[in-house]
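See structure below.
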Amino acid sequence: MEKVRTRFAPSPTGYMHIGNLRTALYAYLVAKKHKDGVFVLRIEDTDQGRLIEGATDIIYTTLKECGLKHDEGPDVGGEYGPYIQSERMKQGIYKKYAMEMVEKGKAHICFCSEEDIQSQKEVAEAKGESFIYRDPCKKLSKEEIQKRIDDGEPYVIRQTIDPNGTTSFDDEVYGTITVDNSTLDEMILLKSDGFPTYNFANVIDDHLMAITDVVRGNEYLSSTPKYNLLYEAMGWEKPRYIHCPPVMKDEHHKLSKRNGDASFNDLVAKGYLPEAILNYIALLGWSPSEEREIYSLSELCEAFDVKRINTSGAIFDIEKLKWMNATYLRNMDNDKYIELIRPYVNKAIGDSYDIHKVAHILKERATTLNEIEEMLDFIKELKEFDVTLYTNKKMKTTPEVALNSLKEAKRVLGELSEWNHDSIYNCLMALVSELGVKNGQVLFPVRVALSNKAFTPGGAIEIADILGKEETLNRIAKAIEDLSE
């Protein structure tokens with residue numbers, strides 16, 4: 001059997017959006033489903049006007065953070081390099097094949113400006129007509145073409161398509177697709193500046209790099225017949241195609257980097273774990289054969305099957321990602337979790353508190369890392385007193401009930417000689433029994449007094465243990481004073 005080779009071929013035009021990362025993931029999984037599969041990174045920088053400085057480094061960093069290690073690429077080398085298209089262009093690769101296409105009658109030199117063609121298209125669309133460009137330059141003689149070139153007239157090399165007949169291709173997701181050749185535009189292969197178009201360079205490089213499986217978004221379905229005509233013109237074997245459905249913002253709009261939708265870097269900056277993001281986007285358009293949702297990358301490699309990729313778009317649900325991220329945080333090894341949250345905890349409350357106790361109250365409650373600062377802000381500084389917080393129907397508390405409970409809690413806690421979670425628990429539960437009230441009628445007022453918040457990551461006992469005896473008694477005393485007024 002042939003060795004499976006896939007590629008991820010991003011353009012360095014900014015942060016990596018979610019749909020692009022999912023394409024990288026699926027290409028990686030297709031390759032790594034096979035023991036000797038090869039995952040290639042190729043940087044496609046032929047659209048020089050859209051390049052952003054530093055974007056290539058973002059691609060490297062993103063793949064590394066996600067664990068998508070490429071076997072070949074600009075930074076690791078390989079026998080099919082160079083792996084940056086602008087460097088390949090300097091070797092004359094694309095012009096060589098473009099001219100070979102011209103010699104075979106499968107491409108031609110075109111002197112028509114893109115502005116003129118766009119103008120024709122707009123006129124047709126205004127009339128409600130479809131516009132398929134057929135280039136009049138194909139009728140020029142070799143002598144006329146050479147004369148125009150010698151006169152310095154700018155030109156492009158454009159694909160030549162016979163409008164008769166049909167072109168078909170098989171896709172692993174969408175099945176067999178057939179189109180009439182009369183509906184296919186004759187696309188530009190080589191631009192007037194000598195750079196290849198994305199469409200042409202893609203085909204040339206996929207062949208020269210021995211790519212067996214092409215994974216990309218379904219927006220390229222309409223272009224694939226033209227790609228296949230290029231393969232056929234050169235007498236090359238076509239790759240297997242795996243077109244993926246779009247990742248949707250809602251039912252009608254795709255997620256888009258250009259529209260400012262969240263990128264991978266945005267999500268990481270908001271406190272989501274790379275492994276949780278990767279797990280979640282794997283399920284956007286792919287259905288595993290078993291009833292489970294949490295997968296490590298190695299488990300995804302085993303479970304992934306292109307036949308289970310859906311044909312319809314999947315809506316990106318931030319709440320589902322939050323749930324998955326929280327699951328990853330809860331399942332994390334305690335020591336690893338503590339080191340992960342340490343910078344966030346230190347930013348929120350400094351490093352003078354027991355990080356293990358703080359981690360304990362956070363682990364079951366924080367859904368993202370960025371929630372930590374707001375969750376812990378009361379430890380550093382109490383918010384303004386709010387008497388309404390002490391009224392809670394579920395806990396059966398009112399400001400009057402709370403005031404009495406806090407006075408008694410201050411008395412018994414002040415008598416404690418040993419201050420730890422167990423001693424605080426035993427003390428307050430004994431007080432509940434002594435007063436003959438519900439647990440919440442003591443514990444809830446104490447928690448509110450210690451935080452001045454409706455919701456906290458820990459309960460009264462856990463918070464008191466973290467704050468220490470002196471700060472706990474001071475805060476209860478302040479709450480008593482405020483409630484008394």
Side-chain angles (χ1 to χ4, degrees), residues 5-32 38-78 80-89 94 195-209 211 213-221 223-224 227 239 241-247 254-268 274 277-278 281-282 284-285 297 316:
R5 290 175 58 85
T6 66
R7 49 71 167 172
F8 176 51
S11 299
T13 56
Y15 290 117
M16 195 180 295
H17 66 85
I18 293 303
N20 213 15
L21 180 58
R22 190 195 60 176
T23 298
L25 172 61
Y26 284 7
Y28 177 88
L29 296 178
V30 169
K32 298 308 173 182
V38 177
F39 176 55
V40 178
L41 173 64
R42 185 173 73 226
I43 302 298
E44 303 202 334
D45 60 347
T46 57
D47 192 348
Q48 295 283 297
R50 294 182 57 222
L51 302 185
I52 293 178
E53 186 176 352
T56 300
D57 290 333
I58 291 173
I59 293 168
Y60 295 146
T61 302
T62 301
L63 293 179
K64 183 178 180 180
E65 287 182 5
C66 293
L68 303 180
K69 184 180 179 182
H70 47 284
D71 304 293
E72 299 174 20
D75 54 336
V76 297
Y80 295 94
Y83 293 89
I84 298 178
Q85 284 187 336
S86 58
E87 294 180 10
R88 296 174 70 78
M89 192 201 80
Y94 308 114
F195 274 86
T197 58
Y198 168 85
N199 295 312
F200 185 54
N202 222 267
V203 170
I204 300 301
D205 288 341
D206 284 346
H207 170 73
L208 295 180
M209 293 183 179
I211 300 302
D213 296 67
V214 171
V215 182
R216 59 187 172 216
N218 71 352
E219 66 268 27
Y220 293 104
L221 278 171
S223 299
T224 301
Y227 299 158
Y241 293 115
I242 303 164
H243 286 89
C244 308
V247 179
K254 290 198 302 182
L255 276 183
S256 168
K257 181 166 58 176
R258 293 183 182 181
N259 292 336
D261 293 323
S263 67
F264 170 80
N265 302 73
D266 293 329
L267 293 173
V268 171
I277 299 170
L278 205 69
I281 66 173
L284 288 176
L297 183 56
F316 184 85

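Sequential numbering from 1 along the given sequence is applied to the chain's residues.
Tested against Glu65 for a side-chain contact (heavy atoms from CB on, under 4.5 Å), the candidates Leu63, Thr62, Leu68, Thr61 yield a single pass: Thr61. Considering Ile281, Leu21, Ile277 as possible partners of Leu267, the one that fulfils the side-chain contact (heavy atoms from CB on, under 4.5 Å) test is Ile277.
Within the model, atoms CZ of Arg22 and CG of Leu284 stand 6.5 Å from one another, a figure rounded to the nearest 0.5 Å. In this structure, Leu41 CG and Thr6 OG1 are separated by 10.5 Å, a value rounded to the nearest 0.5 Å. Distance check, rounded to the nearest 0.5 Å: CZ of Arg5 to CZ of Phe39 gives 12.0 Å. In this structure, the separation between CD1 on Ile242 and OG1 on Thr23 is 11.0 Å, given to the nearest 0.5 Å. In this structure, CG on Leu297 lies 12.5 Å from NZ on Lys69, to the nearest 0.5 angstrom. Atom OG1 in Thr13 sits 7.5 Å away from atom CD1 in Ile59 (nearest 0.5 Å).
In terms of modelled atom types and a separation under 3.5 Å, the side chain of Tyr26 and the main chain of Ala282 share a donor-acceptor contact. Counting only distance, with no hydrogens or angles, the side chain of Arg42 and the backbone of Tyr83 share no donor-acceptor pair below 3.5 Å.
Using bins of under 30°, 30° to 60° and over 60° for the plane-to-plane angle, the ring pair Tyr60/His70 lands in the parallel bin.
Residues Gln85 and Ala201 approach most closely at NE2-CB, 3.4 Å, considering heavy atoms.
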